Amino acid sequence: MGKKGKKEKKGRGAEKTAAKMEKKVSKRSRKEEEDLEALIAHFQTLDAKKTQIVETPCSPPSPRLNASLSAHPEKDELILFGGEYFNGRKTFLYNELYTYNIRKDSWAKVEIPNPPPRRCAHQAVVVPQCGGQLWIFGGEFASPNGEQFYHYKDLWVLHLATKTWEQVRSPGGPSGRSGHRMVAWKRQLILFGGFHESTRDYIYYNDVYAFNLDTFTWSKLSPAGAGPTPRSGCHMSVTPQGGIVIYGGYSKQRVKKDVDKGTQHADMFLLKFEEGREGRWVWTRINPSGAKPTPRSGFSGAMAPNHQTLLFGGVCDEEEEESLEGDFLNDLHFYDTTKNRWFAGQLKGPKSEKRKRRRGMKVEPEGANKPESEGVSAQAPLEVVREVVAEDGTVVTIKQLLTAPGPAGQPQSDEDDSPEEVGGPAVEPCPRSNAMLAVKHGRLYLYGGMFEAGDRQVTLSDLYCLDLHKMEEWTALVEADPETQEWLEESDSESSSAGEGAEGGEEDEDGSSEEDGEPQHPLVMPGEQFADYLPRTEQYWVRLAQDGAGPDAKEKKVLKVAQAMAKAFFEDSA
């Protein structure tokens with residue numbers, strides 16, 4: 001009895017602490033949210049000028065992450081909404097609505113009057129009622145400098161049959177948040193977790209809410225049992241037996257002043273409704289067998305055929321007090337609810353063994369996704385990590401991707417030795433986090449996301465497809481070249497950002513910038529960033545060593561590093 005009393009007091013203490021923290025966060029963030037509300041209102045004024053439904057064929061959407069990609073319940077269509085993009089200096093938020101026609105392989109931009117405000121990290125759920133409805137809750141809006149955040153607590157529905165937006169106002173719903181998860185369960189929307197962040201404080205949630213699609217009312221659930229700790233970015237899916245599975249996620253906590261420690265969760269829980277017990281829900285921790293995913297954050301999830309849960313990619317963070325480094329992933333994992341077992345999503349094609357070696361690598365944005373490799377083989381990349389010391393003492397850590405000799409394992413063709421064919425086996429999504437997934441007719445569609453290379457964030461706009469029944473190979477429907485993405489360093493001239501519109505993502509006409517009257521060489525950058533930025537081809541190393549030379553002291557240092565790295569490259573590839 002005494003132990004039980006202690007546990008109850010401890011539980012109540014945790015609830016009080018969470019309540020105090022939420023109140024503190026709410027108070028400190030109220031002012032900055034008021035500032036952002038004015039900016040949001042400005043954008044809504046612009047949206048209010050749209051009075052007609054306009055559907056326009058267009059090229060694929062611009063790069064973005066933390067958007068939502070949903071499969072139309074009746075048409076062969078995917079629906080993309082919202083998202084964010086960061087160009088190194090400015091953050092852009094979107095409320096654009098795009099549709100992708102699967103049969104025609106074509107995109108269209110759909111402008112509908114009175115859309116939800118711009119946002120990212122929201123949740124979207126499709127239900128089949130009334131010709132199809134897309135329900136959207138929450139998400140966040142960031143200031144252009146990315147230092148202030150507004151977290152939405154609004155609920156919207158897009159009536160797909162009539163192409164009309166409607167805001168559903170119902171009291172008693174979740175507080176403003178982003179990074180939460182939401183699923184359709186019977187005639188309800190079930191929402192879990194998320195986080196709220198202000199400039200100085202943050203809070204993560206593990207509460208559960210239900211929205212009734214018949215009565216349009218919210219209710220807060222109080223499941224029995226020990227459930228997941230507060231988190232965002234988890235995976236949430238409905239099992240064939242009517243339960244709801246929660247896997248993984250991310251949270252952080254302050255360990256001392258201005259120092260936070262992040263946690264990548266890898267635990268798993270089942271939320272189950274107990275029939276005949278007056279709406280009683282129960283949490284149960286489950287321990288699946290099989291090949292479990294490695295701990296990660298920023299992974300993407302979807303429901304695969306046969307009610308299997310599917311996870312793709314993400315980032316495995318290596319976190320220290322003053323630094324954060326991550327390995328981005330592009331692996332697939334499936335969870336079988338009937339067997340309570342994880343298994344890796346191995347492709348059956350002849351390239352599957354080679355693809356496994358690529359997992360967990362860091363990706364180079366410049367040339368990493370290019371099908372042509374300037375005459376250098378791109379077969380079966382092998383990762384070699386080593387440190388190189390330049391003549392001036394600069395230490396550079398290199399992650400090299402060396403190719404295997406010969407065409408072993410390649411599909412037979414008349415042009416097997418051509419550079420284009422040799423580069424073909426690497427057709428697959430590059431490692432990334434915060435990508436968008438949707439499944440339609442047993443096919444997995446993957447769009448966008450991001451990865452980091454040094455201090456640069458590369459946002460993607462590519463589209464891939466994988467047949468989940470055959471599990472043979474990825475098909476690139478839209479290819480993107482990260483080299484063309486705009487990236488503005490802090491040292492870039494202010495004039496380079498002139499004319500930036502609300503949509504963003506556009507490059508300068510000549511792709512160059514100047515500072516203090518001196519042109520910035522496209523290959524000159526701090527030595528420690530070389531390993532993250534440069535493709536591992538012999539021609540490029542030679543060109544770098546030549547082009548890096550110059551009278552400037554910085555360029556001389558760059559040349560020394562380039563020469564040392566070129567030497568290491570030749571030694572390893574000999």
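Quick caveat, the model's predicted, so the values are computed rather than measured.
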For the pair Asp154 and Arg119, find out whether any cationic side-chain nitrogen is under 4.0 Å from an anionic carboxylate oxygen. yes

Minimum side-chain heavy-atom gap Gln308-Pro305 below 4.5 Å: no

Relative to Tyr85, does Arg64 satisfy both conditions: NZ or CZ under 6.0 angstrom from the six-membered ring centre, and within 45 degrees of the ring's axis? no

Near-ring test Phe211/Trp185, centroid separation under 6.0 angstrom: no

Among His122, His196, His180, whose ring pair (Phe, Tyr, Trp, His ring centres under 6.0 Å) with His151 holds? His196

Are side-chain heavy atoms of Cys234 and Phe192 found at a separation under 4.5 Å? yes

Hey, are the side chains of Leu78 and Ile102 touching, using non-hydrogen atoms and a 4.5 Å cut-off? yes

Which residue, Tyr250, Tyr204, Phe149, forms the ring pair (Phe, Tyr, Trp, His ring centres under 6.0 Å) with Phe195? Tyr204

Taking Arg280 first and then Glu274, would you say they form a salt bridge - that is, a charged N and a carboxylate O separated by under 4.0 Å? yes

When you look at Asp260 and Tyr202, which way does the side chain to side chain donor-acceptor pair (under 3.5 Å) test go after all the steps? CA-CA 11 Å; Asp260 301 316; Tyr202 54 82; 2.8 Å; yes

Ion pair present between Lys292 and Asp267, side-chain N to carboxylate O less than 4.0 angstrom? no

Residues Thr309 and Ser237: side-chain donor-acceptor under 3.5 angstrom: yes

Show the nearest heavy-atom pair for residues Ala291 and Ala344, with the distance to one decimal. CB-N, 4.3 Å

Within the 3.5 Å criterion, strictly below it, is a donor on Tyr335 or Asn340 matched to an acceptor on the partner's side chain? yes

Residues Asp462 and Arg432 bridged, charged N to O under 4.0 Å: yes

At what distance, to the nearest 0.5 angstrom, does CG of Leu191 lie from CH2 of Trp218? 5.5 Å

Backbone N or O of Gly326 within a donor-acceptor pair of the Asp317 side chain at under 3.5 Å? no

Any donor-acceptor pair under 3.5 Å from Gln485 side chain to Thr459 backbone: yes

With a 4.5 Å cut-off on side-chain heavy atoms, are Thr475 and Leu466 touching? no

Mark yes or no: Arg177 above the aromatic ring of Tyr205, with NZ or CZ under 6.0 Å from the six-membered ring centre and no more than 45 degrees from the axis. yes

Give a yes or no on whether a salt bridge exists between Lys186 and Asp214, defined as a side-chain N under 4.0 angstrom from a carboxylate O. no

Checking the side chain of Lys339 only, and the main-chain atoms of Pro288 only, is there a donor and an acceptor separated by less than 3.5 Å? no

Less than 3.5 Å apart, any donor N or O on the side chain of His307 or Thr239 sitting next to an acceptor on the other? no

Is the distance between the ring centroids of Trp156 and Phe81 under 6.0 Å? no

So does Arg341 pair up with Asp336, basic N to acidic O under 4.0 Å? no

Taking atom types as modelled, is there a side-chain donor on Asn66 or Glu84 under 3.5 Å from an acceptor on the other? yes

